[in-house]
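Below, all heavy atoms of this structure are taken into account, side chains as well, without hydrogens, waters or symmetry copies. All values reported here derive from a predicted model rather than from experimental measurement. First the proteins, then the strands, lettered A, B, ... as listed; each starts at 1.
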Amino acid sequence: MEFFTVRNLTMKFGGLVAVNDFDITLKKGEIVGLIGPNGAGKTTVFNMIAGYYAPTSGTIHFQGKLLNGKKANEITRSGVARTFQNIRLFTELTVVENVMIAYHCRLRSTFLGAALRLPLYRREEKQMYEGAMEFLREVELEDLSREQAGSLPYGMQRRLEIARALATGPQLLLLDEPAAGMNPNETQDLLQLILRLREKYRLTVFLIEHDMKFVMQLCERIQVLDYGTTIASGTPEEIQQNERVIEAYLGEG
Amino acid sequence: MDEHHRRNQIFSIIAVACLFLFLLSMHLYADDYQIRILNNIALFIILAVSYNLINGVTGQFSLEPNAFVAIGAYTSALLTLTPAEKQMAFIIEPIIWPLSVIHVPFFLSLIAAGVVTAFFGFLMGFPVFRVRGDYLAIVTLGFGEVVRVVANNTQTITNGPLGLKGLANYTNLWWSWGIAAFTVFYIARLVRSSYGMAMKAVKYDEAAAESIGINAFKHKMLAFTTSAFFEGIGGGLLAHLITTISPTLFTFFLTFNLLIMIVAGGLGSITGSVIAAVVITWGGEALRVVEEPIRLGFIEIPGIPGMRMVLFSLILVLVMIFARQGLMGTREFTWNGLFRKIRAWTHRTAKES
C-alpha cells in the first residue's frame, strides 16, 4: 500500500486551469519539496490535499483511504496536518492555548463532561497542557507559553504554527513556505528543526518553498510546477541541472 | 496550574453567600416594584449570557433570541396551565390534544422549555449555518419573525393573538437568581473548557480551526443549541413572571435589547454580559425620571415618552466611539486578576505616600 498518492489532480476556476493533472507519490519518512514560480498552483495543490478546495477531478489517497470529498477537519483527523502561507494563528489566545486547541479533536470527554469538569476531562486537560508544553519545548517556545500568540515575532509564530500542526498527531505534514520571511540563521534553525521533528515523530514532510538553498539542502526529492503543470521532478541535483526549470525561473535566454 | 485555587474557591463561596443574603434581605424588606426589577435583572442575565455564547464566544452573529424565548415561554406556559384553565382560555378554537390534558410542575415545565427550545435550535442550525456573517444575521432574523407569525396563527396551540393569560406567578427571586447563577456557572465553565476554546478558535479563524481538526459546524451547533436551551428556560421564567404572554411580546425589540447588552458588555465576555444586563435593566428603570414632566422654576417641560430610548441610543453611540470592544472586551473577571489589581493599587499608593 502506498503511503500517499495523488493521481491526475486537476483544479479549474471557471476557465482558468490552476492545476493540471498533478501526480505525486510520497513514501513514508520522505521530505519532498514542491517549487515553482509565483502563481504556479502550489498552494492550490495543498488546498486540495487539505480539503479546502474540492478538486475538479483526480484522486488523493492517504494510507489506502480516499481523501477527496472529505472536509478539512476530517482530513486533519485522519493524519494530514498543514501550516499556512500567511500564518494563521489564533493571535488573541496564548501560545500554549494555541497548541492545546489542537488536541481538542482527539478529546474523548463529551460536551457535558468537559463543561462539568468530570474526572476524565480533568485528566485529559492535564494531558493537553503537558503535551502542548512538550511541543513548545520542541520548537523552543516553552518560556513564552503565557504570551499572546499575536505578540510573538514572525519567526516564532512560524514555529508555533508548526507546533500546533504537530499537536494534531499527523503522519504527513504539509508546510506552506515555512521559511518565508526568515533570515539565514532562522532558516538554518528551521531546517534542523524539521529534520529533528521528522526523526522524532516519524513524519513525512511535503513542503512548498521559494528559498532554493533551503529546499536543495532539506528535500530528498523535488517536484516543479509551472502554470499548473509538472515540468520536472527528481533529486535536488537533477532539478538544478534541468533546462526547463531554469527556463521557467529565468525565462528563455 | 493555579496555586491560588483554594483561596479562589473560598472567595467564590463567600460571593455566592453574599448574593444569597442580599436576595434574602430583598425578599424580606423590598417592595414589589424592586423585586420585579431584580427578577428582570436575573432574567436578562440568563438571556444575555446565553446569547453571548453564540454571538460573542463563537462569533456567529445571529439575531434569533426572541424566537427562542418565545418557544420557551409558550412551552412552559402550556405545561403549567391546568386543563380547566386551558379550556377556558381557548375560546375561539379548542386546544389540541395532548396539550389539553398535560399539566406538570413549574420546574419540569422549565426543563421542558429548555429541551424543546434546544431541539428547535438544533433543527434551525442545519439551514442557518450554511451561511456566515451578514447572511447568518439576516437568516436568523427571519427565523425570529417566522416563530412570531406562527405563534400568531396556530390558534389551537398558542391561542393566537389572544395569547395565554392568568399564568401562575411562580417566578420569584429564588427561581430567577438560582437559574441565573447556574447559567453563568455552566457557561463560564463551558467557555473555559476545550470545547469553549474550540468555539473561540472558530470565531478567530474558521479555516485555521478546521486545519487542526476542529469541526466548525459541529461547534457552532453546540453553541447554538446550548444557547437555545438557556434562552428557552429564560422564556419559561419570563412567562411566569409577567403571567401573560402573547406574540407581540416576542418581537425583534427583545433581541435588540439583548444585542445592546452583549455588545456594550463586550462580545465574548461573560462578565461583560452580566454587568451590562444589570446596568441596562436597572438603568432602564432609573432613567424613567427623564420621561416625567420636569419643572425648572419658571418653565415646565412636559414628559416625553420614549426619551429613555433616546438616552440609551446615545449611550450606545458613546460606547461605540470610546470603547469599541465594549466594557470588558473579551476579558473575564477572575479572583487572581482582582488581587493583582489590588496589589498593584496598594503598591502605587504606598509609593506615593
Side-chain angles (χ1 to χ4, degrees), chain A residues 46-47 50-52 71-84 86-94 96-107 109-118 121-122 124-126 128-130 149-150 161 164-170 174 176, chain B residues 1-2 5 9 50 53 56-57 59 118 122 182-227 229-230 266-270 325 329-332 336:
Chain A
F46 266 31
N47 279 336
Y52 287 82
K71 288 194 204 139
N73 71 76
E74 293 170 319
I75 289 172
T76 304
R77 275 181 281 153
S78 70
V80 182
R82 73 170 296 181
T83 64
F84 294 90
N86 45 341
I87 307 172
R88 298 183 87 147
L89 291 169
F90 306 115
T91 50
E92 302 191 35
L93 301 180
T94 63
V96 67
E97 281 174 335
N98 264 278
V99 186
M100 280 173 79
I101 298 184
Y103 277 86
H104 180 69
C105 64
R106 284 183 281 161
L107 196 76
S109 290
T110 60
F111 183 56
L112 280 175
L116 297 172
R117 298 185 70 75
L118 298 181
Y121 176 72
R122 285 196 218 185
E124 285 192 308
E125 193 181 51
K126 197 157 169 277
M128 280 169 92
Y129 179 75
E130 282 163 5
E161 206 187 19
R164 185 180 70 178
L166 281 180
T168 64
L174 308 173
D176 198 344
Chain B
M1 242 166 42
D2 187 355
H5 187 64
Q9 256 180 347
S50 50
L53 181 66
V57 176
F122 177 72
F182 176 75
T183 308
V184 172
F185 170 80
Y186 184 85
I187 291 184
R189 282 225 160 168
L190 172 63
V191 171
R192 264 188 50 208
S193 79
S194 83
Y195 281 91
M197 272 208 286
M199 287 170 188
K200 285 185 207 164
V202 170
K203 165 167 88 170
Y204 291 133
D205 190 334
E206 206 173 313
E210 286 269 336
S211 86
I212 51 170
I214 292 169
N215 186 339
F217 175 73
K218 181 182 149 191
H219 285 83
K220 288 178 194 172
M221 285 293 264
L222 282 172
F224 199 57
T225 311
T226 307
S227 174
F229 179 79
F230 286 106
L267 279 172
S269 168
I270 296 168
Q325 301 292 309
T330 53
R331 283 165 299 163
E332 295 289 355
N336 288 349

Participant: Between B/Ser193, B/Ala188, B/Ser194, B/Ala208, which has the largest tally of heavy atom pairs under 4.5 Å with chain A?
Facilitator: B/Ser194
Participant: Do A/Tyr52 side-chain atoms and B/Ser211 backbone N/O form a donor-acceptor pair below 3.5 Å?
Facilitator: yes
Participant: What part of A/Phe111 gets within 4.5 angstrom of chain B, counting heavy atoms only: side chain, backbone, both, or neither?
Facilitator: both
Participant: Would you please classify the geometry between the B/Phe182 ring and the B/Phe230 ring as parallel, tilted or perpendicular, with 30° and 60° separating the classes?
Facilitator: tilted
Participant: Look at A/Arg117, A/Met128, A/Arg82, A/Glu124 and state which one has the largest set of heavy-atom pairs under 4.5 Å with chain B.
Facilitator: A/Arg117
Participant: Can you check whether A/Lys71's main-chain N or O pairs, donor with acceptor, with B/Glu210's side chain at less than 3.5 Å?
Facilitator: no
Participant: Is it the case that the side chain of B/Ser269 and the backbone of B/Arg331 share a donor-acceptor pair, with hydrogens and angles ignored and the cut-off at 3.5 Å?
Facilitator: yes
Participant: Kindly determine whether B/Tyr204 and A/Thr91 satisfy side chain to side chain contact (heavy atoms under 4.5 Å, CB included), including the steps that lead there.
Facilitator: CA-CA 8 Å; B/Tyr204 291 133; A/Thr91 50; over 6 Å; no
Participant: Who among B/Asp205, B/Asn215, B/Ile212 has the most heavy-atom pairs with chain A under 4.5 Å?
Facilitator: B/Ile212
Participant: Among A/Arg77, A/Glu92, A/Arg164, single out the residue with the greatest number of heavy-atom pairs under 4.5 Å to chain B.
Facilitator: A/Glu92
Participant: Using non-hydrogen atoms and a 4.5 Å limit, figure out which bit of B/Lys200 sits close to chain A: side chain, backbone, both or neither.
Facilitator: side chain
Participant: Check whether A/Ser109 gets within reach of chain B through its side chain, its backbone, both or neither, counting any heavy atom under 4.5 Å.
Facilitator: backbone
Participant: With a 4.5 angstrom heavy-atom cut-off, is it the side chain or the backbone of A/Ile101 that approaches chain B, or both, or neither?
Facilitator: both
Participant: Using non-hydrogen atoms only, which part of A/Leu112 is less than 4.5 Å away from chain B: side chain, backbone, both, or neither?
Facilitator: both
Participant: Considering only heavy atoms, which portion of A/Ala50 lies under 4.5 Å from any heavy atom of chain B: side chain, backbone, both, or neither?
Facilitator: neither
Participant: Counting only N and O atoms by type, is there a donor-acceptor contact under 3.5 Å from the side chain of A/Glu161 to the main-chain atoms of A/Arg88?
Facilitator: yes
Participant: Under the 3.5 angstrom rule, does the side chain of A/Asn98 hit a backbone N or O of A/Phe90 as a donor-acceptor pair?
Facilitator: yes
Participant: Is B/Ala207 close to chain A through its backbone or its side chain, or both, or neither, when contacts mean heavy atoms under 4.5 Å?
Facilitator: both
Participant: Verify the distance criterion only: is there a donor paired with an acceptor across the side chains of A/Tyr121 and A/Glu125 at less than 3.5 Å?
Facilitator: yes
